[in-house]
Amino acid sequence: MPVNPHSPADGTALALRHTLKQTQTQIGHDRLFEKFGHQLFTSGWSATLVQWLLDEICLQFGAQHGLISQQHAGALKILAQRGNAFPVGVRIPMLGVLAQWLKEPIHFKVHQQYIPGLWALQIPADDQSTLLCYHFPIACQQQAVGLMALITGNPLNANSLQTLYSLCGMLGFALHRPAQASTMLDTSYMQKLTPREREVFALLPSGASNALLATKLGISPGTVKIHIERILSKLALNDRTQAAVKAVEAGFKSDGL
């Protein structure tokens with residue numbers, strides 16, 4: 001009698017292997033939580049710890065590229081990176097969709113839109129279907145603290161996403177206290193500006209004309225002028241030179257164009 005290649009025994013063995021794999025994965029995640037929590041408890045936050053955490057996340061979740069960043073002064077500062085992410089210390093203006101993702105109050109949500117300005121990696125349009133982007137807001141008490149991002153060739157399942165959400169919660173508490181204790185400049189005034197006004201503000205150090213700024217942002221020169229006038233009024237500044245100086249103090253560079 002011929003043997004059925006898909007016998008119940010084969011199905012049971014396959015289910016068992018699947019269960020064992022899931023169990024091993026969960027054990028790896030539990031160990032990651034345990035070690036991260038232990039290091040925070042015994043040694044506190046450090047650059048070495050955040051890089052270790054990102055490396056472990058990329059290994060466990062199969063991500064070729066990854067970054068962990070901290071929000072400050074209208075920008076995201078890279079704290080740890082792996083693969084083709086920008087180097088540690090680079091500041092990425094938190095404009096456009098990034099500003100929308102980190103708009104307070106923050107809710108746990110994964111964003112999968114590829115943002116070229118966030119990566120030192122150019123993905124051709126025909127390859128974007130094979131590389132998946134996952135961006136996780138990092139927050140504490142629904143206040144934006146930073147962003148964790150991964151690029152992987154394999155989709156993440158619901159359990160993996162939940163694990164990463166939880167890690168972002170731990171990161172939020174870990175990063176929140178150093179940010180509070182720092183002596184950085186007060187940039188709460190940035191909250192007075194709309195997302196579009198922040199985009200214009202970030203580009204002012206370049207010294208570009210209204211026409212060039214309009215081309216960069218895809219709006220009219222007249223609209224740029226209106227935005228600049230509103231920025232000056234909201235920040236109690238006399239002219240665009242003062243605004244440009246304040247933008248540099250906030251961390252925006254003259255090579256924004």
Side-chain angles (χ1 to χ4, degrees), residues 45 50 53-54 57 63 65-82 85-121 132-151 156 161-182 184-204 216-217 227 230-231 234-235 246-247 249-253 256:
W45 182 257
V50 68
L53 177 64
L54 179 63
I57 288 173
H65 314 281
L67 63 87
I68 293 176
S69 62
Q70 182 176 20
Q71 178 184 347
H72 171 252
L76 292 171
K77 180 181 178 181
I78 305 298
L79 300 181
Q81 63 89 230
R82 184 180 177 92
F86 286 112
V88 171
V90 167
R91 298 169 60 87
I92 300 171
M94 199 175 71
L95 308 173
V97 69
L98 293 178
Q100 290 298 318
W101 288 352
L102 297 177
K103 184 177 181 180
E104 299 175 359
I106 304 297
H107 300 282
F108 276 135
K109 183 179 181 181
V110 61
H111 304 277
Q112 293 185 256
Q113 179 181 347
Y114 174 66
I115 306 297
L118 195 61
W119 300 94
L121 170 72
L132 303 171
C133 301
Y134 295 92
H135 302 91
F136 302 87
I138 300 172
C140 180
Q141 298 177 330
Q142 293 189 295
Q143 296 181 359
V145 177
L147 187 77
M148 180 172 72
L150 304 172
I151 294 181
L156 301 179
L161 293 177
Q162 185 58 53
T163 298
L164 291 168
Y165 288 149
S166 300
L167 284 170
C168 282
M170 294 178 71
L171 277 169
F173 279 102
L175 284 170
H176 185 61
R177 184 167 293 278
Q180 285 184 323
S182 70
M184 295 177 180
L185 291 172
D186 178 16
T187 56
S188 59
Y189 59 83
M190 292 289 291
Q191 299 300 321
K192 299 178 182 179
L193 306 180
T194 66
R196 179 61 87 181
E197 288 167 355
R198 292 184 190 181
E199 290 181 321
V200 174
F201 181 68
L203 295 176
L204 289 179
K216 171 69 176 179
L217 299 173
H227 283 314
R230 289 175 177 171
I231 290 169
K234 290 181 178 181
L235 303 187
K246 199 168 188 67
E249 291 176 348
F252 298 111
K253 305 295 185 180

Start with the C-alpha distance between Ile57 and Met148, add both sets of side-chain angles, then the distance that settles side chain to side chain contact (heavy atoms under 4.5 Å, CB included), and finish with yes or no. CA-CA 11 Å; Ile57 288 173; Met148 180 172 72; 3.7 Å; yes
Is the shortest heavy-atom distance from the side chain of [X] to the side chain of [Y] under 4.5 Å?
X	Y	answer
Tyr134	Leu164	no
Leu98	Gln71	no
Leu54	Leu150	yes
Leu171	Val145	no
Pro137	His107	no
His176	Gln143	yes

When you measure from the side chain of [X] to the backbone N and O of [Y], does any donor-acceptor pair fall under 3.5 Å?
X	Y	result
Glu104	Ala144	yes
Tyr165	Phe108	no
Arg198	Met190	yes

Would you please classify the geometry between the Trp101 ring and the His135 ring as parallel, tilted or perpendicular, with 30° and 60° separating the classes?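 Plane angle between 30° and 60°, so tilted.
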Heavy-atom pair of closest approach, residues [X] and [Y]:
X	Y	value
Ala85	Gly66	CB-O, 3.5 Å
Glu197	Ile231	O-CD1, 3.4 Å
Gln100	Pro195	NE2-CG, 3.4 Å
Trp45	Ala174	CE3-CB, 3.5 Å

Run Leu156 and Gln112 through side chain to side chain contact (heavy atoms under 4.5 Å, CB included) and show every step you take. CA-CA 11 Å; Leu156 301 179; Gln112 293 185 256; over 6 Å; no
About how many Å separate [atom2] of [Y] and [atom1] of [X], when rounded to the nearest 0.5 Å?
X	Y	atom1	atom2	result
Ile115	Gln113	CD1	CD	4.0 Å
Lys246	Leu204	NZ	CG	13.0 Å
Met94	Glu199	CE	CD	11.5 Å

Taking side chain to side chain donor-acceptor pair (under 3.5 Å) as the definition, give me every residue that meets it alongside Lys103, ordered by chain and number, with sequence neighbours left out.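 Side chain to side chain donor-acceptor pair (under 3.5 Å) list for Lys103, sorted by chain: empty.
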For Gln141, enumerate each residue passing the side chain to side chain donor-acceptor pair (under 3.5 Å) test, keeping only those at least two apart in sequence or located in another chain.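 Not a single residue meets the side chain to side chain donor-acceptor pair (under 3.5 Å) criterion with Gln141.
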Name the one of Leu118, Ile92, Ile68 that satisfies side chain to side chain contact (heavy atoms under 4.5 Å, CB included) with Leu147?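 Of the listed options, the one satisfying the test is Leu118.
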Arg196 atom CZ: more than 12 heavy-atom contacts under 6.0 Å: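 Above 12, so yes.
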Audit row: Leu167, Phe136, side chain to side chain contact (heavy atoms under 4.5 Å, CB included) steps and yes/no: CA-CA 10 Å; Leu167 284 170; Phe136 302 87; over 6 Å; no
